[in-house]
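Below is one structure, written out as structure tokens; comments come after it.
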Amino acid sequence: MPELPEVETVCRGLAKILVGHRFQRVVARRADLRTPLPRHFAERLAGRKIERVDRRAKYILVHLEGGVVLLAHLGMSGRMVIADGAAPGPHDHVIFVTDEGTEIRFSDHRRFGLMTLTTEADWPEHPLLKGLGPEPLGNGFNAAELSAELSGKSTPIKAALLDQRVVAGLGNIYASESLYRAGISPRRKARSCVGERAERLVAAIKAVLLEAIAAGGSSFSDHVQPTGELGYFQHSWAVYGREGEPCPRCASAGVACRVKRILQSGRSSFFCSRLQR
DNA sequence: AGACGTACCTGACCGC
DNA sequence: TGCGGTCAGGTACGTC
């Protein structure tokens, strides 16, 4: 479920393993993911020392010596897994081996993920990153900025939150969860989510994301699960995936009501119609 | 320009 | 048990 918190947790796990070490060997086991891998992808990474691992929206940036930057996106099903010696499976598309012998596999059965190369000088203007909106956990994301973004939009607020140009890093799960926490209906027009509603929404988004990141960090040591999986974790959501279950906040107030699911531009939205207006 | 539908790809799950 | 249909967390592109 790679939205911002999961990608952040993957980055922290990768940083622990990679920073200060070299890629001793890189193997591209197929030539394309969502997009073709760049020419000489593996050769351009092999031997280089890793200086830093960062995240921008749902993208992972691995900064290497010599100004090379590996830009990766997990798509819908991409995972980073520490290999345990077993033979790579059909969906293990790229393999990274460090100078310590740690083997990290990028596994992505749907192949909606991507990996490409850019440089220290060019990455901020990279076409994949250039149009992204503010980081929701940064200072640039606040009620005034969000109000300005939403003010002209007639689209439902749920769709606006999924638009990476408005805010970068939310996906279908955390958009629903944030609106639930803010008490705003996913159907409300974006342009009406300004002022005090934008204040609530910004606070809710930050809180929901920070809690999810904290859950990822506390679930297992160094962000590595016993299975070798990096960055994913057991986390339960208040409304996402809970159609028909009692709304937790209403239930704790002694009111019986159920989580609803609707389709918005083809994607499920989960919400409480009593609390969210 | 903005909003919407669709495509990309594979696996899991459900109902018959 | 087997099979077809549906759905899935993201993004980019084409079309109004």
OP1 or OP2 of dG10(C) under 4.0 Å from side-chain N/O of Q164(A): no

With a cut-off of less than 4.0 Å, is there a side-chain N or O of R267(A) near OP1 or OP2 of dG10(C)?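 Yes, within the criterion.
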
Under the ring pair (Phe, Tyr, Trp, His ring centres under 6.0 Å) test, residues paired with Y240(A) that sit two or more places apart: W237(A), F270(A)

Taking only residues two or more places apart in sequence, or in another chain, which ones meet F271(A) in a ring pair (Phe, Tyr, Trp, His ring centres under 6.0 Å)? none

To the nearest Å, how far apart are [X] [atom1] and [N] [atom2]?
X       : N       : atom1 : atom2 : result
I262(A) : dC7(C)  : CD1   : P     : 15 Å
L162(A) : dG5(B)  : CG    : C1'   : 15 Å
Y240(A) : dC7(C)  : OH    : P     : 13 Å
M76(A)  : dT11(C) : CE    : C1'   : 10 Å
D108(A) : dT11(C) : CG    : P     : 13 Å
D163(A) : dC4(B)  : CG    : P     : 11 Å
R261(A) : dT6(C)  : CZ    : C1'   : 11 Å
K58(A)  : dA12(C) : NZ    : P     : 10 Å

Do the side chains of [X] and [Y] join up, straight or via other hydrophobic residues, at under 4.5 Å, putting them in one cluster?
X       : Y       : result
L210(A) : V167(A) : yes
I104(A) : V7(A)   : yes
V53(A)  : L230(A) : yes
Y59(A)  : L70(A)  : no

For DNA chain C, find the residues of residues 143-153 of chain A with a heavy-atom distance under 4.0 Å and give them by number; none if there aren't any. none

Between the protein and nucleotides 13-16 of chain C, list the N/O to N/O atom pairs that are separated by less than 3.5 angstrom.
none

For the residue pair [X] and [Y], what are the closest heavy atoms and their distance?
X       : Y       : result
I17(A)  : H21(A)  : O-CD2, 3.4 Å
C257(A) : C250(A) : SG-SG, 3.2 Å
G171(A) : E3(A)   : N-OE1, 2.7 Å
A57(A)  : R55(A)  : O-NH1, 3.0 Å

Greater than 12 external heavy atoms within 6.0 Å of R22(A)'s CZ: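 More than 12 heavy atoms, drawn from other residues, nucleotides or ligands, come within 6.0 Å of this atom.
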
Within the 4.0 Å heavy-atom criterion, would you say L114(A) contacts the bases, only the backbone, or no part of the nucleic acid? nothing

Looking only at side-chain atoms of Y59(A), point me to the closest of dT11(C), dA8(C), dC4(B). dT11(C)

Choosing from dA12(C), dG10(C), dA8(C), which nucleotide comes nearest the side chain of N172(A)? dG10(C)

Taking atom P in both dC9(B) and dG14(C), compute the distance separating them and give it to the nearest angstrom.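 The answer is 16 Å between these two P atoms.
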
Is any side-chain N of the basic residue among R12(A) and E8(A) closer than 4.0 Å to the acidic one's carboxylate O? yes

Check E135(A) with R56(A), please: is the shortest side-chain N to carboxylate O separation under 4.0 Å? yes

Give me the stems containing DNA chain B, sorted by first residue, counting only three or more consecutive Watson-Crick or G-U pairs with both distances under 3.5 Å; say none if there aren't any.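 Stem list for DNA chain B: B:2-8 with C:10-16, B:10-16 with C:2-8.
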
With no hydrogens and no angle check, do the side chains of S185(A) and R277(A) hold a donor and an acceptor under 3.5 Å apart? no

Nucleotides 6-11 of chain B: protein proximity per nucleotide (B base, S sugar-phosphate only, - neither; heavy atom, under 4.0 Å): --BBBS

